[in-house]
Amino acid sequence: MLDAIVASVDDKPITLSDLSKRLSPPRKLSFKEASKDQDALKVLDAMILERLLELEAAAKHLSISDEEVEDYINEVAARNSLSRPDFEVALKKEGQTIETYRNQIRFDILRTKLMSTMMHGGVSVSDGEIDDYI
């Protein structure tokens, strides 16, 4: 079976395989199964929301650096009295990879920045814009 498009945000498709990979645990679903699976529908809603927030953040010139993500992950590990390698082992025990966690953190930071700019009148200047100006 060919991959099916289950949704589209700003002309960018979300495919059935994208959706299947995001399920926990990842599993292959047919288009019909995905349309009736409550977990798949929740994940699809989350994927659509992520895309919409990414578009809004791009329109407001917001971005998240790899350094911000790594600093946050290290902070979470330290708050839990874990070294970085021990933290990654703990993630694996919960069935999560560091890459998945990193993506989740990137999205959470982006969402927080976006909400902050909206609450403060929508004006935001990125670190890159400041560097360019200087």
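Computation of the quantities below employed the complete heavy-atom set of this structure, encompassing side-chain atoms and omitting hydrogens, waters and symmetry-equivalent molecules.
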Practice prompt. Check whether more than 12 heavy atoms from other residues, nucleotides or ligands sit under 6.0 Å from atom CZ of Phe107, and answer yes or no.
Written response: yes
Worksheet item: Is Leu110 close to Leu53 at the side-chain level, that is, under 4.5 Å between some pair of heavy atoms?
Response: no
Practice prompt. Examine distances only and state if a side-chain atom of Arg51 and a backbone atom of Ser8 form a donor-acceptor pair shorter than 3.5 Å.
Written response: no
Discussion item. Check whether Asp3 reaches the backbone of Thr15 with its side chain - one donor and one acceptor, N or O, closer than 3.5 Å.
Written reply: no
Worksheet entry | Centroid-centroid distance, Tyr101 to Phe87, less than 6.0 Å | yes
Worksheet entry | Residue pair Leu29 / Leu23, side-chain heavy-atom distance below 4.5 Å | yes
Item to complete: Scan for salt bridge (charged side-chain N to carboxylate O under 4.0 Å, His left out) pairs involving residues 90-109, sequence neighbours excluded, and state none if there are none.
Response: Asp66-Arg106, Glu70-Arg102, Glu99-Arg102, Asp108-Arg111
Worksheet item: Sub-3.5 Å donor-acceptor pair from the side chain of Asp18 to the main-chain atoms of Ile14, do we have one?
Response: no
Fill in: Glu67 atom CD, over 12 foreign heavy atoms within 6.0 Å
no
Response to the item:
Tightest non-hydrogen contact, residues Ala34 and Leu16, listed as CB-CD1, 3.7 Å
Worksheet item: Applying salt bridge (charged side-chain N to carboxylate O under 4.0 Å, His left out), which residue pairs with at least one partner in residues 29-49 are found, sequence neighbours left out?
Response: Arg27-Asp37
Discussion item. Counting C-beta onward and ignoring hydrogens, is there a side-chain heavy-atom pair between Val9 and Lys12 closer than 4.5 Å?
Written reply: no
Worksheet item: If we only count heavy atoms from C-beta on, is the Arg84 to Ile73 side-chain gap below 4.5 Å?
Response: yes
Discussion item. Counting C-beta onward and ignoring hydrogens, is there a side-chain heavy-atom pair between Leu91 and Thr97 closer than 4.5 Å?
Written reply: no
